[in-house]
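Everything numeric here is computed off the predicted structure, so don't read it as measured data.
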Amino acid sequence: MWKNHVPSEAFRLLEGAENLTHYRFGEGSIDHTFCRTCGVYAFVSASEPVMGGDFFCVNVACLNDATPQELAAAPIRYEDGAHDDWANPPPITGYL
């Protein structure tokens, strides 16, 4: 997921809450939110001190008003989720 990490006070869901469903696994500390109609992974929310407290990670492909030019100019930071090493990129990123 191409995401943008934002503090919880910077996130506001404007519409469509009735079309969302939630999933938690493991310790249940992260709320994974999906569209119940199409299945797209819209955003996650959690509270982790190491991540600055309460936050959301928003799937940028779900932003209605983001232009292709803005998306092309947006910085990309890779995370090695396969090894829970969120501060560093995986060894190979060319296929991501």
What distance separates E9 CD from D54 CG, expressed to the nearest 0.5 Å?
8.0 Å
Closest heavy-atom pair, L20 versus R36, reported as atoms and distance to 0.1 Å, is O-NH2, 2.9 Å
Quick one: do F56 and L13 end up in the same hydrophobic cluster if we chain Ile, Leu, Val, Met, Phe, Trp and Tyr together by side-chain heavy atoms under 4.5 Å apart?
yes
Verify whether the ring centers belonging to F11 and F55 lie closer than 6.0 Å.
no
List the atom of S29, the atom of A46, and the distance in Å for their closest heavy-atom pair.
O-CB, 3.6 Å
So do the side chains of C62 and V40 get within less than 4.5 Å of each other, counting heavy atoms only?
yes
In this structure, are over 12 heavy atoms from other groups packed under 6.0 Å from E15 atom CD?
no
Side chains of I76 and T93, heavy atoms from C-beta outward: is any pair under 4.5 Å?
no
Please round to the nearest 0.5 Å and tell me the distance separating atom OG of S47 and atom CD1 of I30.
11.0 Å
Rounded to the nearest 0.5 Å, what separates atom OG1 in T33 from atom CG in N19?
13.0 Å
Heavy atoms, side chains only, cut-off 4.5 Å: are E79 and K3 in contact?
yes
Measure the CG-CH2 distance between L63 and W2 for me, rounded to the nearest 0.5 Å.
10.0 Å
For E18, look at atom CD and say whether over 12 heavy atoms of other residues, nucleotides or ligands are found less than 6.0 Å away.
yes
For residues L71 and V60, determine if any side-chain heavy atom of one lies less than 4.5 Å from a side-chain heavy atom of the other.
yes
When every non-hydrogen atom of Y78 is compared with those of P90, the smallest separation belongs to CB-CD, 3.9 Å
Residue list, side chain to side chain contact (heavy atoms under 4.5 Å, CB included) with F25, at least two apart or on another chain:
Y23, H32
